[in-house]
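Let me begin by presenting the structure, written as structure tokens, before commenting on it.
For the numbers below, each heavy atom of this structure counts, side chains included, while hydrogens, waters and symmetry mates do not. Remember, it's a predicted structure, so these values are computed and weren't measured experimentally.
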Amino acid sequence: MTSPDPDGLLAEQLLRLTRRVHRIQKHHLQQRGLGVTPAQARLLRILAHCDTSPRMADLAERLEVVPRAVTTLVDGLEASGKVRRVPDPTNRRVIRVELTDDGQEALRELRGARVSAAQEILAPLTGAQREALGSLLDTLVDGPPVRGRAC
């Protein structure tokens, strides 16, 4: 008789939670009528955190996708007025992508959708459980602390 695989069970639980988070977040996005897919929402969030307008290749690298996928995402966001392509001031062969005012507004709505989705998912947890989960997630996302590393 084989013993249960606790790591396998945890992996399955994490995958199921990820799918649930994605499904609930997508539902909240649709309720707000933004016409933005989760992938487009991720691209908007990346743009919001860039100091300068990134190149398409930079976005592909950050999203960990092929450049063609970024082109499709940017096409959709540009058609809806949330981003625009602009020429690089120093190299005319390079195109950069920047948020528009509509894109900034969409980001505010997206943040609201994410908060609503998180509230729905975390509703069954007590405050102490949320704090413990947050600490565990920090460890999983950031990795274990490294001794002697200055922060």
Side-chain angles (χ1 to χ4, degrees), residues 10-146 149-151:
L10 281 173
E12 181 60 29
Q13 288 173 312
L14 285 171
L15 290 172
R16 287 176 41 218
L17 177 60
T18 300
R19 286 191 297 266
R20 182 167 183 248
V21 168
H22 183 78
R23 190 174 52 252
I24 290 171
Q25 186 174 347
K26 186 175 180 180
H27 173 75
H28 282 270
L29 283 174
Q30 289 171 339
Q31 280 185 324
R32 291 175 184 256
L34 292 174
V36 175
T37 67
Q40 289 172 330
R42 187 167 172 232
L43 188 143
L44 289 172
R45 286 193 309 273
I46 287 172
L47 284 174
H49 291 99
C50 292
D51 294 333
T52 61
S53 300
R55 299 172 306 138
M56 301 282 274
D58 299 331
L59 290 170
E61 185 177 320
R62 290 283 304 273
L63 290 166
E64 298 178 356
V65 299
V66 296
R68 176 70 187 122
V70 172
T71 300
T72 302
L73 292 172
V74 171
D75 285 347
L77 290 168
E78 189 174 40
S80 67
K82 292 175 180 62
V83 302
R84 68 177 145 256
R85 288 176 169 96
V86 295
D88 183 284
T90 61
N91 184 345
R92 65 182 181 159
R93 293 175 295 163
V94 174
I95 298 296
R96 297 190 174 270
V97 180
E98 65 183 22
L99 283 170
T100 63
D101 290 342
D102 285 349
Q104 293 285 359
E105 179 57 33
L107 272 171
R108 284 188 282 281
E109 287 290 324
L110 289 168
R111 285 185 194 107
R114 290 178 79 189
V115 167
S116 297
Q119 288 171 340
E120 181 177 335
I121 291 165
L122 299 173
L125 301 180
T126 65
Q129 289 172 322
R130 288 177 189 211
E131 189 174 316
L133 178 61
S135 178
L136 292 168
L137 289 173
D138 282 344
T139 299
L140 293 175
V141 170
D142 299 332
V146 177
R149 183 171 71 180
C151 294

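Between atom CG of residue Leu59 and atom CD of residue Glu64 there is a gap of 13.0 Å, rounded to the nearest 0.5 Å. Remark: Leu77 CG to Leu99 CG distance equals 9.0 Å, nearest 0.5 Å. Rounded to the nearest 0.5 angstrom, Arg16 CZ and Arg20 CZ are separated by 10.0 Å. With rounding to the nearest 0.5 Å, the separation of CZ in Arg84 from CD1 in Ile95 is 13.5 Å. The line from CZ of Arg114 to CD of Gln25 is 5.5 Å long, rounded to the nearest 0.5 Å. In this structure, Leu43 CG and Lys82 NZ are separated by 12.5 Å, a value rounded to the nearest 0.5 Å.
Counting only heavy atoms from C-beta outward, the side chains of Arg85 and Asp75 approach each other to under 4.5 Å. In this structure the side chain of Val83 never reaches within 4.5 angstrom of the side chain of Glu98, judged on heavy atoms. By the 4.5 Å heavy-atom criterion applied to side chains, Val94 and Pro87 are not counted as neighbours. Under the 4.5 Å side-chain criterion, counting only non-hydrogen atoms from C-beta, Arg42 is in contact with Leu63. For the pair Leu29 and Pro38, the minimum side-chain heavy-atom distance is below 4.5 Å.
Annotation: Asn91, atom CG; neighbour count of heavy atoms from other residues, nucleotides and ligands within 6.0 Å is above 12. By the neighbour-count criterion of 12 heavy atoms within 6.0 Å, atom CZ of Arg92 is sparsely surrounded, having that number or fewer from other residues, nucleotides or ligands. Heavy atoms from other residues, nucleotides or ligands lying under 6.0 Å from CD of Gln129 number more than 12.
In terms of the side chain to side chain donor-acceptor pair (under 3.5 Å) criterion, Arg62 has no residue partners (sequence neighbours excluded).
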**OP:** Would you please test Ser116 and Gln31 for side-chain contact (heavy atoms from CB on, under 4.5 Å) and show each step?
**Re:** CA-CA 11 Å; Ser116 297; Gln31 280 185 324; over 6 Å; no
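Side-chain contact check for Thr90 and Asp88: at least one donor-acceptor pair (N or O, by modelled atom type) lies under 3.5 Å. In summary, the side chains of His28 and Glu120 do present a donor paired with an acceptor at a separation below 3.5 Å, with no hydrogens or angles considered.
What you find for Ala41 and Val36 is that their closest heavy atoms are N-CG1, 3.4 Å. Scanning all heavy atoms of the two residues, the minimum distance from Ala106 to Leu44 falls at CB-CD1, 4.4 Å.
Thr100 places a side-chain N or O within donor-acceptor distance of the main-chain N or O of Gly81, the cut-off being under 3.5 Å. Side-chain atoms of Arg55 never come within 3.5 Å of backbone atoms of Arg96 as a donor-acceptor pair (strictly under, hydrogens ignored). Here the side chain of Arg130 pairs a donor or acceptor atom with the backbone of Leu122 at under 3.5 angstrom. Between the side chain of Ser135 and the main chain of Glu131, no donor-acceptor pair closer than 3.5 Å is present.
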